[in-house]
Structures are given as C-alpha cells and as structure tokens.
Amino acid sequence: MKPSIPKGTRDFSPELMVKRNFIFETIKSVFKLYGYMPLETPAMENLSTLLGKYGDEGDKLLFKILNSGDFLSSANSEDMTSSSKLTNKISEKGLRYDLTVPFARYVVMNRNDIVFPFKRYQMQPVWRADRPQKGRYREFYQCDVDVIGTKSLLNETELLFMINDVFKLLGINVIIKINNRKILSGIASYIGFEDKLVDITVAIDKMEKVGFDNVVSELLGKGITQEAVDKLSPILTLSGSNTEKLDKLKMILKNSTEGLAGIEEVETILRYYSVASASSFSSLELDLTLARGLNYYTGAIIEVKAADVAIGSICGGGRYDNLTSIFGLPDVSGVGISFGAERIFDVMTELKLFPNDNNQTTRVLFLNLGEKEVAYCMPAVQKLRHDGVNVELYPDCAKFKKQMDYANKREIPFVVIAGAEEVAQSKVAIKNMINGEQTLIDIDKINL
RNA sequence: GUGGAUGUAGCUCAGUUGGUUAGAGUACCGGAUUGUGGUUCCGAGGGUCGAGGGUUCGAAUCCCUUCUUCCACCCCA
C-alpha cells in the first residue's frame, strides 16, 4: 500500500515547523503584551453548535463525524431517501470550521465564571471540506484574538496596534484598511436597497479583484436597479484622504442615523490611532469597498494586506454585536481579528524574511569516536546544554565521514572532535563548518 | 458543487505514427579517502509508467472509469 494523506492536508517537516513556530511565537508574544490569554477548544463540536452559523455554503463545507458503533441502527428506511435526513441520524459531531463560533459557545457556556471584558487568543487548526487550491487547504491554522463584553472603540484601536506590532516584528510591510458595517448599511438604505445589504457587500467586496464593471453587473444581476447603482458608484469611487472621504460621506448619508454612527466610529478610531501614532506605524486607509463576506460583523471591519506581495488579505476581522445571541446570550458585543498563518508564511517565504539563527536548531555536534571518547566528552556536552547551547552527541561510533556528513546536512555550524589524540592532551578540536577553520582548545574552555 | 489541465525513479523531467530489456539530471548508498563535511572522479541500487478496466499480436503511448495535484468559478484564510 502506498501511504498518503487526505486531500488538502499537509505534513509539516521539522524545517517547516521551525519557521511556522517563529510566526506563531511572534504573534503570541504580541497577544500577551496586550493582556490576552490563551484558550483552546475541542477539534470537534456538536453539529448543532456548528450548523446554520456560516450560511448554506458553510454548512456544506462542514466535515461531519460518523457516530461511533452501529451508527445505522438509529436510522430507518425513510432516512435513506435523502443524504441530509440520513446525516442527521448518523452524525452528531463535526470538525470546527473556525475559531469564532466555538469561542462564542465557550463564552455562553461559561458566562458566570468569565470576567468581562474577556480577552482571549486561540491558535488552532480548523477544517473545511472546500476544494483545495493554491494557498487553500482543508486543514489550516487560524490565529484569532478577540475581546468580548465591551463596546469601547479602544479595543478596535488596540487591535490595530497589535497588527502593527506583529508585522513589524515579522518584517512585513502592510497596508491596513478599515471600514464600518454601519456605513455600508447606511449606503444600502441611501440607494433604496436596505434589504439587499448582504448582496451589495458581497459584490462590492470584489471591487479590487474583478474591477468596477464586474461589480456593477453583479449588482444588476442581484436585482439592484440601474438608478441605485448610479447613486452607489460615486460613493465607491470616492477619493482623497480619510478625512476628505468621511466629510463627503457625511453629506451623502446625512439622513441615515446608522450611517452617521458608523462614520463617527471610524473617526473615533482614527483619532485614537493617530494619538499614539509613530512614524513606524502602518498607514490606515478607509476603504468603502471593504466588506468581508462574514455577515455577523456589525461595526468596524479590518483587513490587512502585504504591501510588497500580491496575495490577498493576511489578517482580518471586525466587530460583532450578536455572536453569542445565537446561543442565548444577547447584548454582548465583541471585536476580534484573525491572522492568516498560512498566507503570512507564504509572504515571508517570498520575501525571505525568516531569520537564519533563531536558536531552534542544533549549534554544536560532538563526534562519537568510541566509548572512552564519549565518556571524556559527556561532562562538556551536559555543561553546554545547561548553559543554553543546543548540543547533539552523535549516537553511534560511525565512520568519521558519516558523522561529518550528518553535521553538514543538518547545517550544524560547529563540530567538536575529541579522539585519542585530543583526549591525551585534555583538549578538543573545534571545527567551524562554515569556513572550515579548526582550533584546538582545553576541554573545559569550550565557548560557543 | 461547476468547468479545464495534470500524473513516468525520492525530486525535476525526456520517451518519435503504438514495437525488443522505459531513459537523463539530481538525490540516495558504496568506493577513491581506516581522523575531516560541503567540490571532484568511479560504481551500484532504485519503476505494477497514479489505480482499475477496455482496444490490440503488442500499450507509458489510444478509449472509458476513478483517484491525486494544479488552475478558473462559487466561497473563503
């Protein structure tokens, strides 16, 4: 049998894991700086928790888990007539689709024990039965950070600070775009199609990708009138600075209390952001075509793009006012963002941003040249390790060439050689594998 | 879910109108070199040609089915 792994899944080799961990650790360190605490939830949730939360499309993309034991015993012949009926009888669990819904479920379940505002981060894999493509997998990691139980716009601002910090540490230049669902809602009612908000947002979100003309034809296809599109066009093509755009928008949406509320939120966030703004901060751009498909957003919408690589968004999120209400806990507002680990990895690979020496790999290899020689080296090996140096001792008394070859292939920068000659002098030879230089020093004076 | 490509050695790929024992580079293993890796030279191993079925005297090559990977939609990170 030829071994294989399921479609859209990947193994991560040690070399890849060192790089992936660098990203995860960096992101995690920033989360901690802002007072967020880790949370993990099970890979599988009850299907009742998952179903209906991501729309019809999302339901189709859920991985469902077959019940244990004689799963067919609870199904009757009528259930066999349709897949959906049968599914309900033979499957009651599914793999998590994202980290936000399990988070909401957790908050509702533990509402009496949680101290609000509740700040948590979560970095775990999620699964979608999507058709794999370049950069799209059936199993992938999300790095979510959310705060729930506070309506303060300070939270949005701090999320923007965290975005700055993370990408600064990773060395990626980014453009941060923000928008507000209330503004979009105001625009929808301004053009007379308040009920088509979802269709409108889905369409205009594609502006950058497919262009203005295609967005217009999609809108017309969804039943938006030409007249409404004509009112919408000048808004979507507003240009100028953030304040110029907001000023124009205020005029246009002057009759929409919701739209004006959205504008005020954006202004507040921009003001907070500029107060702390340093020259190193990424630019913050109001983008009225930014919508993001997720329809549970109710306020701010945030998206981050890499400035030097065309790869789509590498981080995104927003505010949601009613996420926990589906589980019976209304009026708890939250805001959060998610870092796309896989895409960040691709960006860093393309820009060659991974550090070479990140203290993850072996720094020194002691050759194994026999029982006596091993006993001679062992104290020095342990001392180095306890001093924080990553050290390996070759496990077998293999041929010299083979051991050197191992060091070379593993890209270990130093090799310590202690054979009969060195033992006799209480010394060791240290070979620098990069420039080939070799020096002889006392065994108790190894310093690397 | 829809449409289009793809699959030959661990990897990257040749392989003529269907014709004898399917090749190359690279990697791997051994040797040149019994205490010195990365360069060089020599040698060896490695394949159910994605899988299954069909056409044919004969299939890597033609046909059908299926799986994989990739691309474009839908959607999304």
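Chain naming here is simple, since letters A, B, ... match the order of the sequence lines and numbering starts at 1 in each. Being a predicted model, the structure only gives us computed values, none of them experimental.
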Legend entry - Between A/N179 and A/Y297, a side-chain donor and acceptor under 3.5 Å: no
Inset, instruction - May I ask which nucleotide in the shown strands pairs with B/A44, Watson-Crick or G-U wobble, both distances under 3.5 Å? - result: none
Legend entry - Whether A/F31 and A/Y121 hold their rings parallel, tilted or perpendicular, with breakpoints at 30° and 60°: tilted
Inset, instruction - Sticking with atom P, work out how far B/G43 lies from B/U56, rounded to a whole angstrom. - result: 46 Å
Inset, instruction - Tell me which of A/R343 and A/K431 sits closer to the 5' end of RNA chain B, going by the nucleotide each one is nearest to. - result: A/K431
Legend entry - Pairwise C1' distance for B/G4 and B/U68, with rounding to whole Å: 16 Å
Legend entry - Span that lies between the C1' atom of B/C75 and that of B/C67, in whole angstrom: 24 Å
Inset, instruction - Provide the distance between the two P atoms, one in B/A22 and one in B/A60, to the nearest whole Å. - result: 9 Å
Legend entry - A/N322 (side chain) donor-acceptor with A/S325 (main chain) under 3.5 angstrom: no
Legend entry - Residue A/S313, side-chain atoms from C-beta onward, closest of B/A77, B/C75, B/G37: B/A77
Inset, instruction - For A/D405, answer base if it contacts any base atom (sugar-phosphate contacts may also be present), sugar-phosphate if it contacts only those atoms, and nothing otherwise; contact means non-hydrogen atoms under 4.0 Å. - result: sugar-phosphate
Legend entry - Euclidean distance for C1', B/G45 against B/G35 (whole angstrom): 29 Å
Legend entry - Below 4.0 Å: OP1/OP2 of B/A27 and any side-chain N or O of A/K409: no
Inset, instruction - Choose from B/U36, B/A77, B/A72 the nucleotide whose nearest atom is closest to any side-chain atom of A/Q133. - result: B/A72
Inset, instruction - Report the distance from atom OH of A/Y54 to atom P of B/A77, rounded to the nearest whole Å. - result: 11 Å
Legend entry - 5' precedence on RNA chain B between A/E218 and A/S338 (nearest-nucleotide basis): A/E218
Inset, instruction - Assess whether atom NZ of A/K151 is packed by more than 12 heavy atoms of other residues, nucleotides or ligands within 6.0 Å. - result: no
Inset, instruction - Given salt bridge (charged side-chain N to carboxylate O under 4.0 Å, His left out), test A/R410 with A/E392 step by step and report yes or no. - result: CA-CA 11 Å; A/R410 293 281 313 281; A/E392 283 184 63; 3.1 Å; yes
Inset, instruction - For nucleotides B/U20 and B/C49, find the distance between their P atoms and express it as a whole number of Å. - result: 16 Å
Legend entry - Nucleotide B/C73, atom P - distance to CD of A/E57 in whole Å: 15 Å
Inset, instruction - May I ask you to say what A/G58 touches in the nucleic acid, namely base, sugar-phosphate or nothing, with a heavy-atom cut-off under 4.0 Å? - result: nothing
Inset, instruction - Could you check which of B/A77, B/G35, B/U36 has an atom nearest any side-chain atom of A/R128? - result: B/A77
Inset, instruction - Using a 4.0 Å heavy-atom cut-off across all strands, classify A/I417 as base, sugar-phosphate, or nothing. - result: base
Legend entry - CG (A/D56) with more than 12 external heavy atoms under 6.0 Å: no
Legend entry - Rounded distance (Å) that lies between atom P of B/C76 and atom CZ of A/R136: 9 Å
Legend entry - Residue A/K7, side-chain heavy atoms: nucleotide from B/G35, B/U36, B/U68 that is nearest: B/U68
Inset, instruction - Send over the distance from A/Q122 CD to B/A77 P, rounded to a whole Å. - result: 16 Å
Inset, instruction - Look at all strands and tell whether A/E422 reaches a base, only sugar-phosphate, or nothing, counting heavy atoms closer than 4.0 Å. - result: base
Inset, instruction - Identify whether any heavy atom of A/A429 sits under 4.0 Å from a base atom; if not, whether one sits that close to sugar-phosphate; answer base, sugar-phosphate or nothing. - result: nothing
Inset, instruction - Give the nucleotide from the list B/A77, B/G1, B/G35 with an atom nearest to the side chain of A/R131. - result: B/G1
Inset, instruction - Please determine which of A/R181, A/K182, A/R319 meets the salt bridge (charged side-chain N to carboxylate O under 4.0 Å, His left out) test together with A/E265. - result: A/K182
Legend entry - Donor/acceptor link under 3.5 angstrom from A/Q438 side chain onto base of B/U36: yes
Inset, instruction - Look at all strands and tell whether A/G8 reaches a base, only sugar-phosphate, or nothing, counting heavy atoms closer than 4.0 Å. - result: sugar-phosphate
Inset, instruction - Using the P atoms only, state how far B/U66 lies from B/G1, rounded to an integer number of Å. - result: 12 Å
Legend entry - Strand partner of B/A5, provided both Watson-Crick or wobble distances fall under 3.5 Å: B/U69
Legend entry - Identified pairing partner of B/G25, criterion: Watson-Crick or G-U wobble below 3.5 Å: B/C11
Inset, instruction - Grab the CZ-C1' distance between A/R138 and B/C76 for me, whole Å please. - result: 14 Å
Legend entry - Whole-Å distance separating the NZ atom of A/K60 from the P atom of B/C76: 12 Å
Legend entry - Touch class at under 4.0 angstrom, heavy-atom based, for A/K402 against every strand present: nothing
Legend entry - Identified pairing partner of B/G38, criterion: Watson-Crick or G-U wobble below 3.5 Å: none
Legend entry - Nearest listed nucleotide, side chain of A/K399, among B/U36, B/C75, B/G30: B/G30
Inset, instruction - Remember a base hit wins even if backbone is also touched, and classify A/I434 as base, sugar-phosphate or nothing at under 4.0 Å, heavy atoms. - result: base
Inset, instruction - Measure from the side-chain heavy atoms of A/Q142 and tell me the nearest of B/G37, B/A77, B/C74. - result: B/A77
Inset, instruction - Could you state the atom-to-atom distance from CZ of A/R96 to C1' of B/C76 in whole Å? - result: 18 Å
Legend entry - A/R20 with A/E342: basic N within carboxylate O range, under 4.0 Å: yes
Inset, instruction - Whole angstrom is fine here: how far is it from CD1 in A/I314 over to C1' in B/C76? - result: 16 Å
Legend entry - Residue A/Y137, side-chain heavy atoms: nucleotide from B/A77, B/G37, B/G35 that is nearest: B/A77
Inset, instruction - Taking atom P in both B/C13 and B/C74, compute the distance separating them and give it to the nearest angstrom. - result: 30 Å
